[in-house]
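Note that these values count all heavy atoms, side chains included, but never hydrogens, waters or copies made by symmetry.
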Amino acid sequence: MSEADDRRFMAEALSLARRNLGFTATNPAVGCLIVKDGEIIAEAVTAPGGRPHAEAQALALAGEQARGATAYVTLEPCSHWGKTPPCANALVEAGVARVVVAVNDPDPRVSGRGYGILRDAGIVVETGLMEPEGRRQLSGYLMRQINKRPYVTLKLAVSADGMLGRPGEEVAITGAAAREQVHRIRAESDGILVGIGTVLADDPELTVRLPGLEERSPIRIVLDHDLRLPVESRLVKSAGAVPVIVVSGQGHNGEPSPPSALPGISPKGGEIKDVTVQPHGTVDQEAMIHTLSTSQNVASRFLGNAAGAVLPISPRVGEMPGRAEGGVVREKALDNRRGALTAAGVEILEAPTLSDLLTQLADKGISNLMVEGGAKVANAFLEAGLVDRITLFESDVVIGKRGLESPITRADMPQEFSLVETANFGPDRCFVYERPF
């Protein structure tokens, strides 16, 4: 087999693996081709949910034809016994003569052991073919194995004048083709994250709505320090079908909190707007987002108030650092909101920092995380050094003076990020930047 043939078959295996990216739970999406006499006799990708593995499926399809064949695999074949036998052993038993691999597996249960099983059986093993391409495709799995956190992709849609939109308005920056691509990225992600400000302003569903891919909607994650996610929001109403995680507790241990988690705080006065206390002593949670009430969104529906008492619930900046509200009233309000969200099927996580949050998400098996919501959340991830890929959509739309400025554009891309891909989606352009890890 020539080097050109090897690259062609490995490219096909990588393309095959991408079909189930984001759909294989904690296992990586791996592609496997069985090739004999220059012809593909079987091919497979890791099944939805993570099992069976690609090699096992391809060998079953190839049958006796696998004897003397070459297997092209995008990741080192596993060598440990789990719910299924090791793929390395299966390749030996099938009589495969040669195995070509793109990426070594960093999992300590596998790393090098898979190759050892193959070589001990007399199988020719070649590694590192198209490794950069393989690492890009397996970036989520590799990041979770090596750094114990998901691979984070920040998606931004930027107007011609560098804006993300207008405050309090839903503005279409990109066209239909670009929006379809965003849904494809969602389908390849295990989780999608936004700030509570985005949810209160837009009431998004954050699912995949492309025909045939609906079942690939990722876990929806909301940064919501004070648990203000309305129970009547689309996210909560659909939590039974697609999981929703609300994250409380950001910004207490020195790491920047996404400011969109506290959209009621005035950047100048440091004070949350007045909040009405109801007769039973709990805070009217809808009134907490008073600063957003001018827009017609899910958060602007204020509840009735019989007591009529209006109290400021936040001290000015410097008087009580780290506190958005104070005292028993706040705690009772939080308990009420926590109970309502939990009863609706929403999971609540406590995470003092973004780093801690990512560790918890990795423990839940989330390998690829898409950050899609808002300039403040984007800025927080960038400042914390937790963005690995930036997918930047640009359009010819001009927002004007009242625009919300993007935290990043092509003109001020951080030096550690390199342009790896460009594409056109209708009239819009897409630029993908990555940094090494």
Side-chain angles (χ1 to χ4, degrees), residues 15 18-19 21-22 136 152-189 191-195 197-218 220 233-235 238 242 260 295-298 368-379 381-382 387-413 417 419-434:
S15 177
R18 187 164 186 176
R19 295 181 190 176
L21 193 61
R136 282 196 70 205
V152 176
T153 295
L154 173 63
K155 189 278 295 182
L156 294 170
V158 182
S159 67
D161 53 346
M163 304 295 173
L164 298 179
R166 296 189 191 96
E169 294 182 37
E170 188 172 354
V171 181
I173 299 291
T174 56
R179 290 195 293 271
E180 284 186 9
Q181 177 62 14
V182 170
H183 280 264
R184 293 188 190 97
I185 299 172
R186 287 182 183 179
E188 294 180 347
S189 303
I192 179 171
L193 183 147
V194 298
T198 294
V199 177
L200 294 176
D202 301 337
D203 191 20
E205 196 165 6
L206 301 177
T207 53
V208 176
R209 295 187 293 277
L210 293 180
L213 295 180
E214 295 89 347
E215 62 181 354
R216 299 198 179 193
S217 293
R220 285 87 55 84
S233 66
R234 293 180 184 176
L235 285 171
S238 60
V242 182
S260 64
S295 63
Q296 295 181 357
N297 54 54
V298 70
N368 288 288
L369 178 65
M370 180 182 183
V371 175
E372 193 173 337
K376 295 176 182 178
V377 170
N379 228 5
F381 272 87
L382 287 166
V387 176
D388 305 296
R389 175 185 294 144
I390 299 172
T391 300
L392 188 68
F393 290 89
E394 288 185 355
S395 79
D396 294 328
V397 171
V398 176
I399 298 298
K401 294 181 180 179
R402 293 181 54 244
L404 180 64
E405 188 175 355
S406 174
I408 199 167
T409 65
R410 278 196 296 151
D412 54 13
M413 188 65 56
F417 286 89
L419 181 65
V420 296
E421 186 180 335
T422 61
N424 292 326
F425 296 98
D428 305 311
R429 298 165 300 283
C430 179
F431 303 87
V432 180
Y433 296 83
E434 294 176 356

Is there a donor-acceptor pair closer than 3.5 Å between any side-chain N or O of R186 and the backbone N or O of T207? yes
Side chains of residues 394-402: which donor-acceptor partners sit under 3.5 Å, not counting sequence neighbours?
| from | atom 1 | to | atom 2 | distance (Å) |
| --- | --- | --- | --- | --- |
| E394 | OE1 | R410 | NE | 3.4 |
| E394 | OE1 | R410 | NH2 | 3.2 |
| E394 | OE2 | R410 | NE | 2.7 |
| S395 | OG | I173 | O | 2.9 |
| S395 | OG | V397 | N | 3.2 |
| R402 | NH1 | E169 | OE2 | 3.0 |

Contact between V432 and I390 at the side-chain level, heavy atoms closer than 4.5 Å - yes or no? no
Atom of V182, atom of F393 and distance for their closest heavy-atom approach: CG2-CE1, 3.8 Å
Quick check: are there more than 12 heavy atoms from other residues, nucleotides or ligands sitting under 6.0 Å from CZ of R18? no
In Å and rounded to the nearest 0.5 Å, what is the CZ to CG distance from F381 to L154? 9.0 Å
Straight-line distance of M370 CE to L193 CG, nearest 0.5 Å: 11.0 Å
S406: which of D161, N379, L156, D412 passes side-chain contact (heavy atoms from CB on, under 4.5 Å): L156
For the student: nearest non-hydrogen atoms of G374 and T198, plus distance: N-OG1, 3.6 Å
So, does D203 use its side chain to make a donor-acceptor pair with the main chain of S233 at under 3.5 Å? no
For P204 and R234, the nearest pair of non-hydrogen atoms, with its separation, is O-CB, 3.9 Å
Output all residues satisfying side chain to side chain donor-acceptor pair (under 3.5 Å) with E434, sequence neighbours left out; order by chain, then residue number. R136, R389
OG/S217 to CG/L210 distance, rounded to the nearest 0.5 angstrom? 9.5 Å
Distance, nearest 0.5 Å, that separates CD1 of I408 from CG of L164: 11.0 Å
For P218 and V208 the tightest heavy-atom approach is CD-CG2, 4.0 Å
State plainly whether the residues E180 and R184 are in salt-bridge range, i.e. N to O under 4.0 Å. yes
Nearest heavy-atom approach of L235 to V199 is CD1-CG2, 3.8 Å
Given side chain to side chain contact (heavy atoms under 4.5 Å, CB included), test L404 with M163 step by step and report yes or no. CA-CA 5 Å; L404 180 64; M163 304 295 173; 5.7 Å; no
To the nearest 0.5 Å, what is the distance between CZ on R220 and CD1 on I192? 9.0 Å
Heavy-atom nearest pair, F431 first then L419, reads CB-CD1, 4.0 Å
Quick one: OG1 on T153 to CD1 on I185, what's the gap to the nearest 0.5 Å? 7.5 Å
Is there a side chain to side chain contact (heavy atoms under 4.5 Å, CB included) between Q181 and C430 once you walk through the steps? CA-CA 10 Å; Q181 177 62 14; C430 179; 5.7 Å; no
Residue pairs passing the salt bridge (charged side-chain N to carboxylate O under 4.0 Å, His left out) test where at least one lies in residues 206-215, sequence neighbours excluded: none
